[in-house]
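Written below as structure tokens is the structure these notes are about.
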Amino acid sequence: MSLCRVPGEEWCDILQMATTKKRKVDAERRSFQEQWTNDYFFVEVKGKPVCLVCGDMLAVMEKASLERHYSSKHAKLSELGGQMRLDKINALQRSLELQQAAFTQPGCDRDNVIQTSYVVSELIAKKLRPHVEGEFVKECMVAAAELLAPDKVKLFQSVSLSRRTVSDRITDLAQDIETTLKNSAGDFQFFSWLTMDITNTAQLAIFVRGITAEFDTREELLSLEAMHGTTRGEDLFERLVLSMKKFELTFEKLSGLITDGAPAMVDSQKGLISLVKKELDRLSLDPSNLIVCHCIIHQESLCAQSLRLNSVMSTVVSCINFVKSRGFNSRQFKELLNDLHSEYGDLVYNCEVRWLSHRNMLMRFYELRDEVRQFMEMKGKPVRELIDSKWLCDLAFMVDITNYLSELNVKLQGPNQLLSTLLSKVISFEAKLRLWKVQLERNNTMHFPTLEGQKPSTTLEYASECAKLIEAFNERFKDVKSKQMELNIFATPFNVEPADVPDNLQHEIIQLQSNDGLKARRHALKYASVFGTTYCCEQFFSKLTITKSRLRSRLIYTNLEKQLR
């Protein structure tokens, strides 16, 4: 019998021989010998021999291959011997290590460069600086790196901070904030608006304060609208509705609306508030549930204007203007203060729209009253009020009372303040006013140290001034105080009588007083979501005025909103 080999078996043998040969080549790979570095200028990189001179990588770790490469391409290096050869090898090894570091450096360097660009751009936006200053910041960074980290100079040079890049980075950051707000708006149980317009540039700022079921609150800029044309209540309402749609906010969750008291906001027929109430009525929602509030800080400032000691303010302002409005007078007055070793170096200007400046102006004027009198006499314009004891008592009272009013103003400022907290501060101040009124009627000046220093013969007039302030506070804050019971339910639910609260909350109060589950109450969520002041709007428009200056006329509206956001 004869045996025949089929063609398929022959191919199997061939493939087996090829595989065997390949395994033999792999198996014969030798480990790298350190001597080869000195002999042939090769080092091992990831299991492969790499030439230090040309950078070629050979496929097989064989001495013969390394020797052949060395002899054919780098034979001239055979002339190097001893220490010169070692120095050459060390130099080439360092060069290779630097190249490897450049290629194998993790991507975090690139990410850090981009992140640095974003961080610097964010700081430029927060400090309200022009976008072009990014290039100057980069110059500073590179100059500092050349001294502190010379090996990182190229990394600093790679940070992109051109005007366009900074603008793009700020846009990215603003869009991220906007997206986050839009995503979180869906979790709001209640939200309130804060609206305010700045007339000379026709800008409408809309802020939102929202609260989740977990009592997490957010105060954010909802929209900055450029008002082209008229700024009537209808125009404001239209922009407000558009902003709500953009962020998917509904009227059902609207808890309150805080304004600056402008006619376009509060007009009984066509004001923004009346239009919002009409919209709530159209949606079958109860408009009376909307908490409407005029900024408490504005109200407090308006109350302060009820003080009737006009002779004090007119005389003080006249003297200050005479001294400071003329450069020569101002220099002479400063020299006089210096010669007299006065504690202060100058007077302080008054600004009608900034109530806090009244306190500083009056206090400084009172401290420098003798120096002012001497200077005015020297100029041939004596001020008889400065030697009138009655007028000086009036001035002293104004110093003390404006100091108290300014302290209250500062307490009312700041973000994230609850309406109940703000009202409690106002009510506390009213209690102090009633106390001061009674004491001043008895010629007791204990709480008026500046007035006490003048030793007035009678203080009845100042008691009447306190009475005027009490009346002004009662009138200005009557709308907010009408909500005091609801605010008490929110702030101190365990201290109210169930019979005194609205009928729809009586059972809830009884259950609450038996169970401290305050966080489950929608009433608390509603009042915690309400703005009490326009502080963030006032601060916002101050930043807008600084940002959109005549020196930054190229800043377009969209970039302006992004930077302010």
Between [Y] and [X], does any NZ, NE, NH1 or NH2 come within less than 4.0 Å of an OD or OE carboxylate oxygen?
X      : Y      : value
Lys126 : Glu122 : yes
Glu475 : Lys478 : yes
Asp267 : Lys270 : no
Lys411 : Glu407 : no
Lys481 : Glu430 : yes
Lys468 : Glu471 : no

With distance as the sole test, does [X] use its side chain to make a donor-acceptor pair with the main-chain N or O of [Y] at under 3.5 Å?
X      : Y      : answer
Asp400 : Leu451 : yes
Ser406 : Thr402 : yes
Ser306 : Ala472 : no
Lys543 : Leu564 : no
Arg209 : Ala528 : yes
Ser428 : Ser424 : no
Asn474 : Ile470 : yes
Ser342 : Asn338 : no
Thr450 : Ala396 : no
Glu465 : Leu307 : no

pair [X]-[Y]: side-chain heavy atoms closer than 4.5 Å:
X      : Y      : answer
Thr533 : Ile258 : no
Ile296 : Tyr535 : no
Ile291 : Lys526 : yes
Asn409 : Ser301 : yes
Leu337 : Leu368 : yes
Cys536 : Pro415 : no
Asp479 : Cys293 : no
Lys425 : Gln417 : yes

(request) Show the numbers, then the answer: is there a side-chain contact (heavy atoms from CB on, under 4.5 Å) between Leu440 and Leu460? (result) CA-CA 6 Å; Leu440 289 172; Leu460 288 176; over 6 Å; no

From [atom1] ([X]) to [atom2] ([Y]), nearest 0.5 Å:
X      : Y      : atom1 : atom2 : value
Ile206 : Leu236 : CD1   : CG    : 8.5 Å
Arg232 : Leu275 : CZ    : CG    : 10.5 Å
Lys253 : Leu249 : NZ    : CG    : 8.5 Å
Phe333 : Met378 : CZ    : CE    : 9.5 Å
Leu222 : Arg565 : CG    : CZ    : 7.5 Å

Take atom [atom1] of [X] as the centre, draw a 6.0 Å sphere, and report whether it contains more than 12 heavy atoms from other residues, nucleotides or ligands.
X      : atom1 : answer
Lys390 : NZ    : yes
Glu343 : CD    : no
Lys278 : NZ    : yes

(message) Assess the residue pair Arg239 and Ser223 against the criterion (side-chain hydrogen bond (donor to acceptor under 3.5 Å, both in side chains)); give the C-alpha distance rounded to whole Å, side-chain angles, the decisive distance to 0.1 Å, and a yes or no.
(response) CA-CA 9 Å; Arg239 296 305 179 93; Ser223 178; over 6 Å; no

Give me the atom names and distance for the closest heavy-atom approach of [X] to [Y].
X      : Y      : value
Glu279 : Phe237 : CB-CZ, 3.8 Å
Ser268 : Ser274 : O-CB, 3.5 Å
Leu525 : Thr212 : CD2-O, 3.2 Å

(request) Taking atom types as modelled, find out whether Ser255 and Ser529 have a side-chain donor-acceptor pair closer than 3.5 angstrom. (result)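 Checked: Ser255/Ser529 side chains pair up, N/O donor to acceptor below 3.5 Å.
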
(request) Applying side chain to side chain donor-acceptor pair (under 3.5 Å) between Thr459 and each of Thr445, Asn443, Asn444, report the one that passes. (result)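 For Thr459, the side chain to side chain donor-acceptor pair (under 3.5 Å) check succeeds only for Asn443.
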
(request) Could you walk me through whether Phe190 and Tyr527 pass ring pair (Phe, Tyr, Trp, His ring centres under 6.0 Å), step by step? (result) CA-CA 9 Å; Phe190 288 97; Tyr527 275 87; 9.3 Å; no

Side chains of residues 315-324: which donor-acceptor partners sit under 3.5 Å, not counting sequence neighbours?
{"residue": "Thr315", "atom": "OG1", "partner": "Ser311", "partner atom": "O", "Å": "2.9"}
{"residue": "Asn321", "atom": "ND2", "partner": "Val317", "partner atom": "O", "Å": "3.3"}
{"residue": "Lys324", "atom": "NZ", "partner": "Asp346", "partner atom": "OD2", "Å": "2.8"}

Going by the rule ring pair (Phe, Tyr, Trp, His ring centres under 6.0 Å), which residues pair with [X] if we only count those two or more places apart in sequence or in a different chain?
X      : answer
Phe477 : Phe473
Phe397 : Phe448, Tyr462
Tyr344 : none

(request) Verify whether the ring centers belonging to Phe207 and Phe540 lie closer than 6.0 Å. (result)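 Judged by ring-centre distance (under 6.0 Å), Phe207 and Phe540 do meet the cut-off.
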
(message) Run the salt bridge (Lys or Arg N to Asp or Glu O under 4.0 Å) test against Glu238 and tell me which residues pass, sequence neighbours left out.
(response) none

(request) Take Arg384 and Trp391 through the side-chain contact (heavy atoms from CB on, under 4.5 Å) test and state the conclusion after the steps. (result) CA-CA 9 Å; Arg384 59 181 180 81; Trp391 188 89; over 6 Å; no

(message) Under the side chain to side chain donor-acceptor pair (under 3.5 Å) definition, can you give me all pairs with a residue in residues 368-382, not counting sequence neighbours?
(response) Asn329-Lys379, Gln332-Lys379

(message) Pair Val372, Met376 - check side-chain contact (heavy atoms from CB on, under 4.5 Å), show working.
(response) CA-CA 6 Å; Val372 172; Met376 297 299 284; 4.0 Å; yes

(request) In sequence, state the C-alpha distance, the side-chain angles, and the governing distance for His447 and Glu452, and then conclude on side-chain hydrogen bond (donor to acceptor under 3.5 Å, both in side chains). (result) CA-CA 9 Å; His447 296 290; Glu452 190 173 29; over 6 Å; no

(request) Using the salt bridge (Lys or Arg N to Asp or Glu O under 4.0 Å) rule, take Lys562 and Glu178 through it: C-alpha gap first, then chi angles, then the decisive distance, then the call. (result) CA-CA 10 Å; Lys562 301 300 183 186; Glu178 190 173 315; 3.8 Å; yes

(request) Might you work through the side-chain contact (heavy atoms from CB on, under 4.5 Å) test for Leu221 and Ile177, ending with a clear yes or no? (result) CA-CA 10 Å; Leu221 172 67; Ile177 295 172; over 6 Å; no

